[in-house]
J.: 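Okay, handing you the structure first.
Below, all heavy atoms of this structure are taken into account, side chains as well, without hydrogens, waters or symmetry copies. Lettering of chains follows the sequences in order, A, B, ..., and the numbering in each one begins at 1. Computed from a predicted model, the values in this text were never measured in an experiment.
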Amino acid sequence: MLEIKDLYAKAGDRDILRGITLDVAAGEVHAIMGPNGSGKSTLAQVLAGNPAYEVTGGSVTYQGIDLLALQPEERAQQGVFLAFQYPIEIPGVSNAYFLRSAFNSIRAARGQEEVDPLEFLDYMEKKLELVDMDVEMLSRSVNMGFSGGEKKRNEILQMAVLEPRLALLDETDSGLDIDALRIVANGVNALKRPDNATIVVTHYQRLLNYIVPDFVHVLAHGKIVKSGDKSLALELEAKGYDWLVEPQGALAS
Amino acid sequence: MTAPYLADFTTLSNNGARAEPDWLRTTRRQGIERFAALGFPTPRNEDWHFTSVSSIAEATFTPLRGASGQVAKSALEPFQFGQSDWPVLVFVNGKYDASLSTPASLATGIRAIDLSTAMRDEPSLIEPWLGKLSPSEDRSFSALNAAFMSDGAVIHIAPYIESPIPLHVIFVSDANAAKGVAHLRNLIVAGHHSKATVIESYVSLGDSGYFTNAVTEVQVEQGATLTHYKIQRESQRAFHVHTIDAKQARDSHYLSFSFATGAALSRTNIYTNLDGEGCGATLNGLYMADDEQHVDHQTNIIHSQPNCFSREIYKGILSGSAHGVFNGKVYVYPIAQKTDGKQTNNNLLLSERARIDTKPQLEIFADDVRCTHGATVGRLDEMALFYMRSRGVSTDAATKLLTYAFAADVLETIEVEAVRSELERATLERFSGSSATP
């Protein structure tokens, strides 16, 4: 489904990704772990098409197409979804309107008919249940005055509505208490299908107790330095990142 | 160039077409004399520093004297907020059109007639106020208006009358207005303890170039609440200068909203004098411009008496090579203790070439007051834009939605729901093809 080959990217003058290679097949869950500043959030942003980052080398093929040639909205229309680490507040735009705009944009791009507000509200009912959100949250401005947990649940709600083929979860666990974490993880698990894939970016192993990965990759200084199965996450939990990162750090500095 | 106007004035005075009372003739004569002395304002004048009116001064506009437009009732529907039963006074190309107007449907206690009729038949409805609430000694355009004022709405709301239904005054121009000028003069007298809403709309059918030079005089008597919306959607080739002068008596409230999106060049002056204790004034507005449009707002809030409050929020959205100007003055007299004033101006620039000159000013001569002001100029939030795009929303739609969202809170202050939703729609549409309201 996704083949990342020797991907380089920078933000401004700063090189962040320095040759990432990663294959993700349909039905798989991959965890990207690593210390702060290793580039794992950048990888997620680059895959979603954030124009703040410039790809300087390598390729990304998604379902046989050149992902990097697509605008962010085209990627979303092709089924890529990024759950933001810091969801953006948009005063003046209601959550319902935002969700419906997104839903209809994606439907329109796929040649499907748009849905009206009433139909959409029906559709939303089950989705709200999935992340234990009150319908009242739909009438509030996007993420305005939401708690940290509510913002993350709102991200998963959007994911539930848009039903992506490739979901990128960027530090979705950060700032969540255990109950919120469980709700978010349950939401993600409920959306898992044999034909979609999930990339979970996280600093901590904790989330992986709930969203169990098929593969774990450790990112350091913009490169994958180690890959393994879910036991690698436990090893990292026990030993930290230093044993993997230090030699690279010495090189980089 | 003042000469054509002076010649027009001589012609008008000589042909004796106007059998007008002495006081009115005096007002006109003083007007033309002041205009002759002042000339058109130049950028050397501090209040006109960022707005050049040379395009008005150098053009020759013929006075519109009821050039009859073939305006059908249905042509006005888009400007009527979906409320065909609201009473309307309609002026076509500067002249009252009785066939399109419905003053008969006004609530008991509210009078609304056209100025030309009032001048001829009922001068007592205008004489105590006209030219007195809005002086023109130092104001070129108001002086010019005083000399030539020909028509407009005269509205009296009797004491204690409360009307939930707004009165809508529509000034519509069509192709027959081309190269013409209308000097419109309105008077609103809100009797003591009355409560009413008056809407002034300035709109075009087609894209003629013409000049609207309007003055609205407002008296808000003791304990009265007047809500006053001004909606300017003139053609993009029109010139528009409008001064609103309100005078507030004790315990009165004046709530103003200025919505400006049309005209090649527009200048709206909104002045209110809180001339009694316990008054409140709310002056809000939204201006939007693109291409080569120039949109200028000047507001003066004059706190003449103690224990009054004023609130002001103006927002501007500028695209293309548009130029916006906001000049907001809050003046607090030495005796106006306990004044509570808050003023904000926020601007959103959508292009590199768009420009805003904003100057909020406080002039405070009392020592026990609470006044704040602030202005911001910003661009669209790149992260918010990316966030929406990452959900499949096109760049174009996301830009438009974020632009709308910027203006949403000031539009929310419009209390009349039908007006609010129409202006929300117009705002969303100004920069988008969508017509839904978020």
Side-chain angles (χ1 to χ4, degrees), chain A residues 44-45 47-53 70-110 114 116-117 139 141-144 151 154-155 157-159 161-164 168 170, chain B residues 259 284 286 288 313-317 344 346-348 350 376 378-414 420-421 423-438:
Chain A
Q45 296 280 333
L47 292 176
N50 188 339
Y53 299 92
L70 302 182
Q71 294 296 317
E73 54 268 39
E74 294 170 323
R75 299 183 196 198
Q77 288 155 9
Q78 295 287 336
V80 177
F81 179 88
L82 169 65
F84 279 55
Q85 180 178 6
Y86 304 110
I88 311 297
E89 297 180 351
I90 310 179
V93 178
S94 78
N95 219 8
Y97 187 87
F98 176 53
L99 280 164
R100 191 161 54 83
S101 299
F103 186 67
N104 279 333
S105 301
I106 287 177
R107 284 180 71 86
R110 294 174 185 167
E114 299 196 354
D116 67 35
S139 54
S141 286
V142 178
N143 293 323
M144 288 296 292
K151 283 183 180 172
N154 203 29
E155 292 295 288
L157 177 68
Q158 292 172 31
M159 180 175 153
V161 169
L162 303 179
E163 297 182 330
L168 310 161
D170 187 7
Chain B
F259 182 88
N284 293 342
L286 174 64
M288 294 179 286
I313 303 169
Y314 266 77
K315 291 204 171 191
I317 304 169
T344 314
N346 304 127
N347 297 281
L348 178 63
L350 294 176
T376 65
R379 295 185 184 277
L380 279 184
D381 180 349
E382 290 293 330
M383 270 316 280
L385 205 53
F386 171 58
Y387 187 59
M388 299 188 77
R389 294 175 70 196
S390 78
R391 293 335 184 214
V393 180
S394 73
T395 310
D396 197 42
T399 301
K400 286 157 185 171
L401 195 52
L402 288 174
T403 303
Y404 169 82
F406 168 82
D409 61 346
V410 73
L411 288 168
E412 271 166 27
T413 66
I414 298 172
R420 183 177 64 242
S421 38
L423 296 187
E424 284 175 347
R425 189 204 57 76
T427 301
L428 198 60
E429 214 167 64
R430 186 69 170 81
F431 301 96
S432 90
S434 163
S435 63
T437 302

J.: Would you confirm whether the ring centroid of B:Tyr387 sits within less than 6.0 angstrom of the ring centroid of A:Phe98?
T.: yes
J.: Does any backbone or side-chain atom of A:Asn143 lie under 4.5 Å from a heavy atom of chain B? Answer side chain, backbone, both or neither.
T.: side chain
J.: Please find the pair of heavy atoms, one from A:Ser101 and one from B:Leu401, that lie closest to each other, and give the distance.
T.: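 Between these two residues, the closest heavy atoms are OG-CD2, 4.4 Å.
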J.: Rounded to the nearest 0.5 Å, what separation is found between the CD1 atom of A:Ile88 and the CD atom of B:Glu382?
T.: 11.5 Å
J.: Can you list every pair that meets salt bridge (charged side-chain N to carboxylate O under 4.0 Å, His left out) and has a residue in residues 72-94 of chain A, with sequence neighbours left out?
T.: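 Qualifying pairs, neighbours excluded: A:Glu73-B:Arg389, A:Glu89-A:Lys151.
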J.: Where on B:Leu402 is there a heavy atom nearer than 4.5 Å to chain A: the side chain, the backbone, both, or neither?
T.: side chain
J.: Do you know which two heavy atoms are closest between B:Ser390 and A:Ala76, and how far apart they sit?
T.: O-CB, 3.3 Å
J.: What I'd like to find out is whether the side chain of A:Val142 reaches to under 4.5 Å of the side chain of B:Met388, using heavy atoms alone.
T.: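 In short, these two side chains do not touch, never coming nearer than 4.5 Å.
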J.: Indicate yes or no for a side-chain donor-acceptor contact from B:Arg391 to the backbone of A:Phe81 under 3.5 Å, with no hydrogens or angles considered.
T.: no
J.: Measuring heavy-atom distances to chain B, does A:Ala48 have an atom under 4.5 Å in its side chain, in its backbone, in both, or in neither?
T.: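 Both backbone and side chain.
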J.: Might you point out which heavy atoms bring A:Pro91 and B:Ala405 nearest each other, and give the distance in Å?
T.: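 So the two residues come closest at O-CB, 3.1 Å.
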J.: Any side-chain heavy-atom pair from A:Phe84 and B:Met383 closer than 4.5 angstrom?
T.: yes
J.: Does B:Phe386 have its ring centroid less than 6.0 Å away from the ring centroid of A:Tyr53?
T.: no
J.: Could you list the residues that satisfy salt bridge (Lys or Arg N to Asp or Glu O under 4.0 Å) with B:Asp381, not counting sequence neighbours?
T.: none
